[in-house]
Amino acid sequence: MNAQALPHTLWKYLGKLLVILELSVQGNFLNISVIPHRCPFVCICTSDLLSCAKQGLQQVPVALPPTATTLDLSHNALFQLHNCWLAALPRLQDLCISHNRIMDLSPQAFHNATGLKHLDMSSNYLHAIEKHYFEALVCLEELLLYNNWIVQVDEQAFLRLSSLQKVYLSWNNLTQFPFSSMQGLSHPKLTTLDLSTNNLSRIPIEEVSALPVYIRNGLYLHNNPVRCDCSLYQMFKQWQQRHLSSVQDFLEEHTCMAFDNMARSLVRFLKYNKIFENCSLSQGSPGTSDMHATVLVGETLLINCNTSMHDTSATYMWVSPRHEPIMHPGNSNHTLEVYHNGSLKIIAAKPWHSGVYMCMAIGKHHQLNKTHEVNVTIHYPMLDGESFSTGLTTLLGCVVSLMLVLTYLYITPCHCFQCCKKAAAPRPPQECSVQSYILGTTPPAPDGPSRKISTSKHVVFLEPIKEAHNQLAAKGDVTDTNNLKFLQLKLDSESVSSIFSDTPIMS
């Protein structure tokens with residue numbers, strides 16, 4: 001091979017090598033692109049949803065698509081969740097594993113599920129809620145644990161769940177609950193805590209009354225076999241008066257046992273409260289507001305946060321009657337202001353500002369001391385010089401109106417009673433003369449050839465009384481003046497009857 005052909009041969013082999021490398025890269029790319037997302041055979045996969053419900057699964061499928069944000073494993077036969085089993089689902093937000101046979105959870109069952117927001121473990125066989133069960137779910141908002149066999153809940157089970165909003169623990173076997181763990185600001189967004197239909201025989205009134213009002217508004221304790229006493233009745237009665245949803249929505253379901261160990265002694269104490277007539281709500285019962293403030297509409301009100309914390313580094317937060325957290329400098333519409341010392345200022349008070357305001361002092365380590373509540377009442381000012389109440393003024397107006405009506409109906413509007421009783425003098429009959437009446441809607445027309453007779457006119461001619469009297473006298477029928485008067489009355493009655501007849505009377 002000469003020197004001139006060698007470069008040509010090298011370029012030829014080099015070109016083939018480049019083609020082979022290009023095809024190899026394209027082949028690898030095609031192989032990577034055509035590999036589908038791993039979807040288990042028994043499941044249904046969509047863009048971000050993975051449903052494996054009602055498949056009789058005893059274990060969680062291994063191959064799970066990483067794009068899923070919702071995973072449904074309900075209505076299966078799962079009895080255990082392994083450690084880090086959600087590591088392949090970094091985007092998971094909603095997890096439903098209800099209606100299974102799970103009895104407990106391993107320490108790292110949700111270790112890789114920090115983004116989980118909704119967890120449904122209802123209708124399982126859980127017996128307790130341990131500290132390590134959900135401590136990794138720092139973004140969890142809703143936790144459904146109803147219809148299990150839960151007997152107790154650890155005091156630190158929900159301690160690290162700062163984003164928790166709703167917890168459902170109804171239809172379990174709880175005999176007690178750590179209410180003191182909910183008193184701090186570790187759960188500032190918690191609005192629903194459902195403990196209804198359990199076996200709570202005793203409710204710690206002091207601990208429950210110390211809870212923030214936004215938690216008490218969603219604390220459901222109905223359908224529990226608690227013992228009837230005055231403190232229990234006073235607490236729930238005050239919740240009813242303050243229109244808390246937990247009592248207003250289930251008024252008849254709040255029951256208590258009049259006698260221990262007797263299921264038939266359950267009493268609906270908020271509906272039938274005769275047995276609590278001797279319980280006085282005016283006494284210092286738990287949960288009563290510490291202070292009452294009254295202000296007129298349009299005025300400014302300044303409320304102090306009288307808590308026992310005197311730390312200068314403490315911060316303060318108020319909760320409005322609408323369950324809105326308010327911190328320095330104030331709310332969004334600038335009607336409420338919070339100062340650094342904890343004072344709350346209501347600017348240009350409106351009727352909807354009425355209600356119970358709660359102040360919370362927060363220390364350095366986010367510890368919350370005893371809260372302070374203020375009941376604010378806002379009313380309209382009374383008019384100047386107003387001496388009568390509205391009810392009395394209305395009653396007086398009704399009495400005056402009734403007297404005027406009776407006066408108009410039964411008292412004759414005549415100033416001279418003697419004049420009203422005097423009879424009119426009779427007209428002498430001999431003064432009568434010939435009279436002619438034309439009854440109609442138009443005046444009479446003058447005589448002439450153009451005169452037209454209208455059918456709507458009735459003409460009545462009355463004979464003169466004197467001529468009739470002369471004729472009767474000539475015949476000898478009239479003997480005295482009495483007969484003359486009788487004749488006049490007769491003629492008058494005949495003329496009246498003729499006036500209202502349809503046929504003209506011609507003489």
Side-chain angles (χ1 to χ4, degrees), residues 153-159 161-162 164-165 167 169 174-196 198 200-222 224 226-227 229-247 254 279 281 283-292 303-311 314-321 323-327 342 344 355-363 365-376:
V153 178
D154 190 87
E155 292 184 358
Q156 299 181 358
F158 308 127
L159 184 61
L161 307 183
S162 58
L164 200 59
Q165 298 179 8
V167 180
L169 284 165
L174 288 173
T175 56
Q176 59 182 357
F177 184 83
F179 293 100
S180 58
S181 63
M182 299 291 179
Q183 294 178 359
L185 287 181
S186 57
H187 309 92
K189 300 179 181 180
L190 185 61
T191 58
T192 300
L193 178 57
D194 191 354
L195 300 175
S196 62
N198 277 279
L200 297 176
S201 59
R202 177 184 173 274
I203 296 177
I205 304 299
E206 296 291 340
E207 295 182 8
V208 173
S209 300
L211 294 175
V213 65
Y214 61 88
I215 294 182
R216 281 180 286 164
N217 184 67
L219 179 57
Y220 297 90
L221 297 170
H222 57 276
N224 278 286
V226 293
R227 185 72 163 82
D229 57 26
C230 286
S231 59
L232 179 73
Y233 171 74
Q234 290 170 354
M235 184 184 70
F236 283 110
K237 193 65 178 179
Q238 289 172 2
W239 291 12
Q240 181 186 5
Q241 294 174 354
R242 295 168 66 171
H243 303 286
L244 298 186
S245 300
S246 56
V247 176
H254 280 80
C279 297
L281 293 176
Q283 299 176 355
S285 55
T288 306
S289 298
D290 299 330
M291 178 182 173
H292 295 269
I303 309 173
N304 296 323
C305 185
N306 298 326
T307 59
S308 59
M309 181 177 291
H310 301 285
D311 189 1
T315 58
Y316 298 89
M317 183 178 74
W318 287 83
V319 179
S320 67
H323 312 291
E324 175 189 6
I326 306 170
M327 299 185 70
L344 174 68
V356 178
Y357 291 80
M358 184 187 67
C359 176
M360 297 182 289
I362 309 167
H365 303 286
H366 297 280
Q367 294 179 352
L368 176 71
N369 76 328
K370 185 179 179 181
T371 58
H372 174 66
E373 296 184 0
V374 180
N375 190 1
V376 177

Exercise. Is it true that a side-chain atom of Asn217 and a backbone atom of Ser245 form a donor plus acceptor pair closer than 3.5 Å?
Worked result: yes
Exercise. Roughly how far, to the nearest 0.5 Å, is the CG atom of Leu211 from the CD1 atom of Ile215?
Worked result: 5.5 Å
Problem set entry | Centroid separation His254 to Phe236 less than 6.0 Å | yes
For this session: Considering non-hydrogen atoms only, spot the tightest contact between Asp154 and Pro178 and give its length.
Result: O-CG, 4.0 Å
Exercise. Looking at side-chain heavy atoms only, is the closest gap between Val319 and Tyr357 below 4.5 Å?
Worked result: no
For this session: Would you check if His187 and Phe158 make a side-chain contact, meaning some heavy-atom pair closer than 4.5 Å?
Result: yes
Problem set entry | Glu324 atom CD, over 12 foreign heavy atoms within 6.0 Å | yes
Problem set entry | Closest approach of Val226 to Arg202 (non-hydrogen atoms, all atoms of both residues) | CG1-N, 4.3 Å
Exercise. Where the side chain of Trp239 meets the backbone of Arg216, is there a donor-acceptor pair that is under 3.5 Å apart?
Worked result: no
Exercise. Between Ser209 (side chain) and Glu206 (backbone), is there a donor-acceptor pair under 3.5 Å?
Worked result: no
Problem set entry | Trp318 side, atom CH2; Cys359 side, atom SG - distance, nearest 0.5 Å | 4.5 Å
For this session: State, with a plain yes or no, whether a side-chain heavy atom of Val374 is found less than 4.5 Å away from one of Val376.
Result: yes
Problem set entry | Thr175 backbone acceptor or donor facing Ser201 side chain under 3.5 Å | no
Exercise. Is there side-chain contact between Thr192 and Leu190, with at least one heavy-atom pair below 4.5 Å?
Worked result: no
Exercise. Is atom CD of Glu207 surrounded by more than 12 heavy atoms (other residues, nucleotides or ligands) closer than 6.0 Å?
Worked result: yes
For this session: Find the distance between CD1 (Ile205) and SG (Cys230) and round it off to the nearest 0.5 Å.
Result: 11.0 Å
Exercise. Can you tell if the side chain of Phe177 reaches within under 4.5 Å of the side chain of Leu193, non-hydrogen atoms only?
Worked result: yes
Exercise. Got a second to check how far Gln156's CD is from Ser181's OG, nearest 0.5 Å?
Worked result: 9.0 Å
Problem set entry | Nearest atoms (heavy-atom pairs only) where Ser246 meets Gly218 | CB-C, 4.4 Å
Problem set entry | Inter-residue atom distance Asp194.CG - Leu219.CG, 0.5 Å rounding | 9.0 Å
Exercise. Are Leu232 and Asp229 side-chain neighbours, meaning at least one heavy-atom pair lies under 4.5 Å?
Worked result: yes
Problem set entry | Closest heavy-atom pair and its distance - Ser162, Pro188 | O-CD, 3.7 Å
Problem set entry | Close side-chain approach of Pro325 to Tyr214, heavy-atom, < 4.5 Å | no
Exercise. Can you tell me if Asn198 uses its side chain to pair, donor with acceptor, with the backbone of Leu221 under 3.5 Å?
Worked result: no
For this session: State, yes or no, whether a side-chain contact exists between Leu164 and Lys189 at a heavy-atom distance under 4.5 Å.
Result: no
